[in-house]
Amino acid sequence: VPHLTSECLSEINKNSIRIAKAISKLDIKYIRVGKVNKKEGEILKNNKVDCLFLNNITTTKLVEIYNCVDCLVFASTIEGFGLPILEAMKNSCPVISSKTSSLPEVGGDAVEYFDPQEKDTLIEAINKIAHSESLRKTMINKGYERSKTFSWDKTALETKKVYDSLF
């Protein structure tokens, strides 16, 4: 039985290697937010990907990033909720997401989905978004409306209802 460290688990769950492989086949600029693992970094470097690595950034900086990129790629294979999807949609950023776990429930019809197990579906999704200004505008509008259906106030009220029903 292989042993996995938490970094390996994160690498598997977040699907960062698949993103790096897909990005390496495209002529795009890539902003990578968060800790980059060794294999992911090697793939990007070896393929001379025009990449900016950002780690430990502020919420203000993250909002700036969402507002200046063409899309967020969220490729997790296992996710409890997918808060970055909502953050991006709230900040007028189209989202490409894996079609797994809770992510379709969060993104609804405002997200371009791909199968994280299929090799080229991420590349196809990125190309689709990158080459259609009208699709990006539609996704921005749908995403912003979708993000309004989620709020911390609503979550607190629904949680309170559950507790009230138990007591």
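The basis for the numbers below is simple: all heavy atoms, side chains too, and nothing from hydrogens, waters or symmetry mates. Only a predicted model underlies this, so the values are computations on that prediction, with no experimental measurement involved.
Not counting sequence neighbours, the partners of K137 by the side chain to side chain contact (heavy atoms under 4.5 Å, CB included) test are E133. Every side chain to side chain contact (heavy atoms under 4.5 Å, CB included) that T58 has, sequence neighbours left out, goes to T60, K61.
A donor-acceptor pair shorter than 3.5 Å cannot be found between the side chains of E118 and T121. With no hydrogens or angles considered, no side-chain donor-acceptor pair links S92 and N67 at under 3.5 Å.
For the atom pair NZ of K25 and CG of L122, the computed distance is 10.5 Å after rounding to the nearest 0.5 Å. To the nearest 0.5 Å, atom CZ of residue R18 and atom OG of residue S98 are 10.5 Å apart. Going from atom CG of N141 over to atom CZ of R146 covers 15.5 Å, rounded to the nearest 0.5 Å. Rounded to the nearest 0.5 angstrom, I57 CD1 and E64 CD are separated by 9.0 Å. Taking OG of S16 as the start and CG of L44 as the end, the distance is 9.0 Å to the nearest 0.5 Å.
Across all their heavy atoms, V69 and C93 have their closest contact at CG2-SG, 3.7 Å. Contact between D70 and R136 at its shortest, heavy atoms only, is O-CD, 3.4 Å. Nearest heavy atom pair, residue G80 against residue S102, reads O-OG, 3.3 Å. Looking at every heavy atom in both residues, Y113 comes nearest to P104 through OH-CA, 3.3 Å. Taking every heavy atom of both residues into account, L72 and P84 meet most closely at CD2-O, 3.5 Å.
By the rule that hydrophobic residues join a cluster once side-chain heavy atoms approach within less than 4.5 Å of another member, V95 and L86 end up as members of one cluster. Hydrophobic clustering (side-chain heavy atoms under 4.5 Å, transitive across Ile, Leu, Val, Met, Phe, Trp, Tyr) keeps I31 apart from V73. In terms of hydrophobic clustering, with Ile, Leu, Val, Met, Phe, Trp and Tyr side chains grouped at heavy-atom distances under 4.5 Å, V36 and Y30 are assigned to a common cluster. Under the 4.5 Å side-chain contact rule for hydrophobic residues, V49 and I126 share a cluster. Two different hydrophobic clusters hold L103 and M139 under the rule that ILVMFWY side chains link at heavy-atom gaps under 4.5 Å.
Between E79 and I85 there is no side-chain heavy-atom pair separated by less than 4.5 Å. Between P116 and T100 there is a side-chain heavy-atom pair separated by less than 4.5 Å. No side-chain heavy atom of K99 sits less than 4.5 Å from a side-chain heavy atom of D115. Side chains of Y144 and M89 form no contact here, defined as non-hydrogen atoms less than 4.5 Å apart. When side chains are defined from C-beta on, D164 counts as touching K160, because their heavy atoms get closer than 4.5 Å. Side-chain contact between I43 and E40: absent, with no pair of heavy atoms (C-beta onward) separated by less than 4.5 Å. Residues L54 and R32 have side chains not in contact (no heavy-atom distance under 4.5 Å, counting atoms from C-beta outward). Considering only heavy atoms from C-beta on, I96 stays 4.5 Å or farther from F74 through its side chain.
One N or O on the side chain of K154 and one on the backbone of T149 form a donor-acceptor pair closer than 3.5 Å. Using modelled atom types, no side-chain atom of S132 and backbone atom of K128 make a donor-acceptor pair closer than 3.5 Å. Looking only at distances, a side-chain donor or acceptor of N15 sits under 3.5 Å from a matching main-chain atom of A75.
Taking the ring centroids of F150 and F81, they lie under the 6.0 Å cut-off.
A salt bridge is absent between K45 and E42; no separation between the charged side-chain nitrogens and carboxylate oxygens falls under 4.0 Å.
For D27, the CG atom counts as loosely surrounded, since its 6.0 Å shell holds 12 or fewer non-hydrogen atoms of other residues, nucleotides or ligands. Within a 6.0 Å sphere centred on NZ of K90, heavy atoms belonging to other residues, nucleotides or ligands number more than 12.
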